[in-house]
Amino acid sequence: MNIREICYRYGRELLEDITIAPYTSFKIGGNCNIVKINNIALLRELLMFCKKNAVQYRILGKGSNVLISSGGLKGLILLLSDDFAETNINGDTIECMAGARLSSVCKAAYEKSLTGLEFAYGIPGSVGGAIYMNAGAYGGEMSNIVTSCEYIDVGCFEKDELPIKQIAVEDMSLSYRHSIFTDNDWVITKAIIRLKKGDKTAIKTQMTEISDKRREKQPLELPSAGSTFKRPPGHFAAKLIDDCGLRGKTVGGAMVSEKHAGFVVNKGGATFDDVTRLIKLIQDDVFDKTGIMLEREVEVWE
């Protein structure tokens, strides 16, 4: 059985040699083979096929923290997105599949008067991706609200089985832009989030304030992958970049945002090489002038 036949059994299609760019927030990336995952059974079968046949694969959610080569990628992209996004609320607990949009889960929590997730409103990623990197903003982060996850340990493949495992938050090693998932061949499939009952009007007010702050301070009008660099201890990446006179610096179609120097944006027609060259230029210039080496937050796939 091949990939196309596996997909057919689950009502899916193997999208062959199509551009990955529309599936990323940077709107950059070449041609890939993509399967839009719609259930765990399909995901497990494709992961097992890839392991058995030494097929390279990547897991992609909303593509909001990744820069993908303009030359495309070999192997298979397993897209955990809107077709893998079921969300259920029971009391103060939310169970959602990894592909659920953070913004959609925030709205669902608001409708049930649940507070604690407001910080994530406007983060353009999936729940799985947010846990993977312990996303956070405005004083909150995923480690504060997640209680456990279900995942597939692809490294545990044997006897034609890939069991679903569960892990509690205290075992996830969640820290600044890091989790146990970044260090292992594990695929998050579901998250369990626990919030608290709150005042619906107050929740709405906070969500609106956060949304307004994002629009005011961040270049949401242009494609990007969010903050390009991690926050150096004791410093802010955006201020270092700005102080080095790099605000508005361009390489091809890539530009250091004039609105927020911590963002590299696609001002139109930017390529993978444009962005990577600009990132390197920023790192070198900041290091030469301050002695601080900025660490990339955006994942680079090539």
Side-chain angles (χ1 to χ4, degrees), residues 21-28 61-67 81-82 85 87 99-111 113-127 129-131 133-142 144-145 176-177 195 198-231 235-243 246-250 253-270 275 278-279 282 294 296-299:
Y23 298 101
T24 74
S25 59
F26 239 139
K27 305 306 177 190
I28 294 172
K62 299 302 178 191
S64 61
N65 193 51
V66 64
L67 172 65
S81 192
D82 293 345
T87 299
R101 293 176 184 269
L102 267 179
S103 57
S104 296
V105 179
C106 288
K107 290 175 183 177
Y110 158 72
E111 291 297 336
S113 300
L114 294 175
T115 184
L117 193 55
E118 293 89 335
F119 74 89
Y121 190 58
I123 294 178
S126 64
V127 170
I131 295 170
M133 64 176 295
N134 190 28
Y138 299 104
E141 60 182 23
M142 296 305 290
N144 298 330
I145 58 169
Y176 178 66
R177 304 302 178 260
L195 303 176
D199 179 77
K200 195 170 186 179
T201 300
I203 295 169
K204 180 64 173 179
T205 297
Q206 189 173 358
M207 288 170 63
T208 300
E209 288 176 353
I210 288 174
S211 180
D212 289 345
K213 286 179 183 178
R214 290 187 190 281
R215 282 196 297 269
E216 178 188 349
K217 297 180 179 181
Q218 298 177 8
L220 304 182
E221 68 280 2
L222 292 172
S224 77
S227 296
T228 306
F229 301 99
K230 295 181 180 179
R231 185 176 64 245
H235 299 274
F236 292 98
K239 186 176 188 308
L240 291 170
I241 294 166
D242 206 10
D243 288 348
L246 294 171
R247 184 184 292 261
K249 179 70 177 179
T250 63
M255 178 177 71
V256 176
S257 170
E258 295 177 328
K259 193 173 187 180
H260 189 309
F263 286 62
V264 169
V265 297
N266 178 355
K267 67 184 182 71
V275 177
L278 182 55
I279 288 174
I282 295 166
L294 294 177
R296 209 179 55 233
E297 182 172 315
V298 176
E299 289 197 8

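Excluded from the calculations below are hydrogen atoms, water molecules and symmetry mates; all remaining heavy atoms, backbone and side chain alike, are included.
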Quiz item: Step by step, would you call K62 with V127 a side chain to side chain contact (heavy atoms under 4.5 Å, CB included)?
Solution: CA-CA 9 Å; K62 299 302 178 191; V127 170; over 6 Å; no
Quiz item: For the residue pair M142 and N134, what are the closest heavy atoms and their distance?
Solution: N-OD1, 3.4 Å
Quiz prompt | Salt bridge flag under 4.0 Å for residues K200 and E111 | solution = yes
Quiz item: Among all residues two or more places apart in sequence or in another chain, which pass the side chain to side chain donor-acceptor pair (under 3.5 Å) test with Y110?
Solution: none
Self-check item: Whether R231 side chain and F236 backbone form a donor-acceptor pair below 3.5 Å
Solution: no
Self-check item: Main-chain N/O of V265 paired to S257 side chain as donor or acceptor, under 3.5 Å
Solution: no
Quiz item: Heavy-atom distance under 4.5 Å between the side chains of V275 and N266, does that happen here?
Solution: no
Self-check item: Side-chain heavy-atom pair N144, F119 within 4.5 angstrom cut-off
Solution: no
Quiz prompt | Exercise: identify the closest heavy-atom pair between S126 and G61 | solution = OG-CA, 4.0 Å
Practice problem: Please tell me if the side chains of M133 and E299 come closer than 4.5 Å, counting only heavy atoms from C-beta onward. | Solution: no
Exercise. Check side-chain contact (heavy atoms from CB on, under 4.5 Å) between A108 and all other residues, then give those that pass, not counting sequence neighbours.
Key: I89
Self-check item: Interatomic spacing from CZ in F263 to CG in L220 - rounded to 0.5 Å
Solution: 7.0 Å
Quiz prompt | Heavy-atom check, side chain of F229 versus side chain of I241, under 4.5 Å | solution = yes
Exercise. Write down the atom of T115, the atom of E118, and the distance for their closest heavy-atom approach.
Key: OG1-OE2, 2.6 Å
Quiz item: So does K239 pair up with D242, basic N to acidic O under 4.0 Å?
Solution: no
Quiz item: Out of curiosity, S224 OG to L67 CG, how far, rounded to the nearest 0.5 Å?
Solution: 11.0 Å
Quiz item: Between D199 and K204, is there a side-chain N and carboxylate O pair less than 4.0 Å apart?
Solution: no
Quiz item: What's the spacing between L117 CG and I145 CD1 if we round to 0.5 Å?
Solution: 4.5 Å
Quiz item: Taking R177 for the side chain and G136 for the main chain, is one N or O donor matched with an acceptor at less than 3.5 Å?
Solution: yes
Quiz item: Atom OH in Y121, atom CD1 in I203: separation rounded to 0.5 Å?
Solution: 13.0 Å
Quiz item: Taking all atoms of both residues into account, what is the closest heavy-atom pair of A100 and V105, and its distance?
Solution: CB-CG2, 3.9 Å
Practice problem: Please name the pair of heavy atoms, one in E297 and one in N65, separated by the smallest distance, quoted to 0.1 Å. | Solution: O-ND2, 3.2 Å
Quiz item: Do you know the tightest heavy-atom contact between R247 and V256?
Solution: CA-CG1, 3.9 Å
Exercise. Would you give the length of the straight line joining atom CD of E209 to atom OH of Y138, rounded to the nearest 0.5 angstrom?
Key: 11.0 Å
Quiz item: If you measure from CD1 on I123 to SG on C106, what distance do you get to the nearest 0.5 Å?
Solution: 7.5 Å
Quiz item: Would you say I282 and V264 make side-chain contact, with heavy atoms under 4.5 Å?
Solution: yes
Practice problem: Taking K27 for its side chain and L222 for its backbone only, find out whether a donor-acceptor pair lies under 3.5 Å. | Solution: no
Exercise. Using atom types as modelled and distance alone, determine if a side-chain donor or acceptor of T205 lies under 3.5 Å from a backbone N or O of T201.
Key: yes
